[in-house]
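Working notes for the structure below.
Every chain is numbered from 1, with letters handed out A, B, ... down the list of sequences.
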Amino acid sequence: MSDGLDSLTVEEQMTYLRKGAVEIIHEAELEERLRRSAATGRKLRVKAGFDPTAPDIHLGHTVLIRKMKHFQDLGHTVIFLIGDFTGLIGDPSGRTLTRKQLTREEIEANAETYKKQIYKILDPETTVIDFNSRWMLELGTDGFVTLCSRYTVRQILERDDFEKRLSENRPIALHELLYPIVQGYDSVALEADVELGGTDQKFNLLVGRELQRSYGLPPQIVMTMPLLEGTDGVQKMSKSLDNYIGIYDDPADMFGKVMSISDAIMYRYYELATDIPVRTIETWRREVEAGRRHPMELKKGLAETIVADYHTAEAAASARDAFETVFARGGLPEDIETREVAASAVRVRLPKLLAELGLAASVAEAGRLIKSGAVTLNGDRVTDPTVTVDHASPGEYLFRVGKRRFMRMVVR
RNA sequence: GGACAGGUGGCGGAGUGGUUAAACGCACCAGACUGUAAAUCUGGCGCUCCUUGCGGGCUACGGAGGUUCGAACCCUCCCCUGUCAACCA
């Protein structure tokens with residue numbers, strides 16, 4: 001899809017880059033820089049920062065990464081910045097306490113994980129990966145103090161989060177105030193032309209502008225992207241809320257998770273997590289509203305598109321087949337995990353067995369699931385938690401817990 | 001260092017000596033209804049053991065001790081958070 005995009009006019013490039021963005025500060029500046037870039041051949045330096053502690057990328061992150069890709073498509077330099085120094089602070093949220101310091105090895109390992117994932121979207125040949133400890137450590141304590149002198153407490157406290165916590169009498173650790181400064185200085189060190197971030201990053205991105213100005217550099221253009229809601233459809237997608245779709249989720253999982261989102265949020269996923277043009281999405285939406293298209297079909301299409309993006313078209317097609325088999329026709333998935341167990345004379349109670357097989361979090365939990373009718377053994381619903389399973393002779397058992405947990409146990 | 005307020009389950013938030021594994025709400029899980037959607041309704045929501053019983057054991061209300069037949073609740077010390085005060089005495 002990157003073919004021929006570098007021959008677009010500046011107007012066309014602007015349209016391409018605007019897609020999905022919440023805010024661009026300022027459009028005129030971006031346009032000007034694109035124009036100059038076209039004239040001089042100097043590529044824009046586009047930066048986005050990532051947390052070194054959480055290298056598991058989910059669909060929410062891809063909204064930003066896709067935007068990076070758009071710049072890449074236009075021939076600009078994209079810098080994937082791993083905030084290994086910033087990671088010591090942790091972006092202030094009021095919830096996060098000081099994070100544990102990662103070792104060099106852990107950071108390297110996480111970086112590798114990142115690479116594997118982002119190269120599903122970004123071009124491995126041209127993407128620049130950098131670490132902010134590179135210049136932060138070099139800065140030294142004295143340099144850091146000097147850096148801090150360029151910003152005032154009042155300016156930092158403008159940040160909504162700080163203001164809120166202050167008024168609610170909740171603590172703010174001193175080092176949290178430094179986070180925006182460090183992130184802003186990254187833009188100085190990298191001489192960034194553009195910084196991308198989620199809407200929640202706006203303050204930090206703007207600090208970058210101020211600091212660059214203070215250092216006599218042209219202030220970066222700030223572009224914010226929406227935060228994609230998680231599978232619950234309400235809160236932003238995040239690992240800690242367990243409402244995320246990881247791009248490394250296996251095809252069946254990924255397909256199922258997409259299918260579980262609400263119809264209302266489906267269009268947003270289409271818009272932010274796929275490359276399908278907005279016009280097409282709008283057409284579909286109207287068709288659904290007019291009753292000419294079934295929302296479930298549209299959602300299956302979404303799930304298939306997303307799975308294909310991070311796996312393969314074949315994997316996506318078979319995930320769809322499996323989904324239809326299991327849920328539309330009440331059948332069984334093809335690839336049920338099988339556990340082999342040696343025969344023994346011991347009769348094991350079902351709750352304990354389910355816990356041991358990993359089908360329930362604990363024995364107590366398994367008992368509850370059984371009582372609530374969530375468990376079937378070889379297709380028969382079991383509601384008595386005292387049922388035991390015979391291990392004595394070879395045989396095969398098929399467990400189903402809830403709608404989506406299956407396991408086959410073979411006794412030999 | 002001082003005065004005052006506060007620290008309860010994933011989160012919010014009741015409870016202030018005795019059926020309190022801890023009200024209620026959110027989140028979460030399961031069931032029903034469906035399109036594995038949403039909404040709605042129902043049940044559940046620390047761990048473990050067994051003879052599954054309004055059963056036994058263990059763990060839990062910032063931490064450590066103590067008082068008591070019995071403590072989240074009272075006392076002591078400690079840790080943490082916030083508010084006020086702080087300098088011209």
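- In the set B/rG31, B/rA37, B/rC45, the nucleotide with an atom closest to the side chain of A/A374 is B/rG31.
- When the side-chain nitrogen and oxygen atoms of A/R405 are compared with OP1 and OP2 of B/rC29, none of them lie within a distance under 4.0 Å.
- Shown here is A/K164, whose NZ atom has no more than 12 heavy atoms of other residues, nucleotides or ligands within 6.0 Å.
- Nucleotides B/rA60 and B/rA21, compared at atom C1', are 8 Å apart to the nearest Å.
- B/rG10 and B/rC4 are spaced 32 Å apart, taking the P atom of each and rounding to whole Å.
- For A/R381, taking side-chain heavy atoms from C-beta onward, the closest of the listed nucleotides B/rG82, B/rA32, B/rU52 is B/rA32.
- Considering only the side chain of A/E365, B/rC29 comes nearest among B/rC29, B/rG35, B/rC28.
- Applying the 4.0 Å criterion to OP1 and OP2 of B/rU36, one finds that A/R400 has every side-chain N and O outside that range.
- Between A/S372 and B/rG31 there is no side-chain N or O to OP1 or OP2 distance below 4.0 Å.
- The side chain of A/A364 approaches B/rC47 more closely than any other nucleotide in the set B/rA38, B/rC29, B/rC47.
- Listed pair A/K371 / B/rU52 fails the phosphate criterion, with no side-chain N or O lying under 4.0 Å from OP1 or OP2.
- Comparing B/rG15 with B/rC74, their P atoms sit 13 Å apart, to the nearest whole Å.
- Which of B/rU48, B/rA37, B/rA32 sits closest to the side chain of A/K299 comes down to B/rA37.
- Which of B/rC28, B/rG82, B/rU48 sits closest to the side chain of A/S362 comes down to B/rU48.
- Taking only side-chain atoms of A/D232, from C-beta outward, the nucleotide of B/rU36, B/rC28, B/rC47 with the closest atom is B/rC28.
- Taking only side-chain nitrogens and oxygens, A/R165 never comes nearer than 4.0 Å to OP1 or OP2 of B/rU81.
- Side-chain N or O atoms of A/K67 include none that pairs as donor or acceptor with a backbone N or O of A/G20 at under 3.5 Å.
- Taking atom C1' in both B/rA23 and B/rC73, the straight-line distance is 16 Å, to the nearest Å.
- If you check B/rA37, B/rU52, B/rA30 against the side chain of A/S262, the one that comes closest is B/rA37.
- Two residues are said to be in side-chain contact when any heavy atoms from C-beta on lie closer than 4.5 Å; A/L17 and A/L34 meet this criterion.
- Side-chain atoms of A/M296 lie closest to B/rU36 of the nucleotides B/rU36, B/rA37, B/rA30.
- B/rU76 and B/rC26: their P atoms are spaced 39 Å apart (whole Å).
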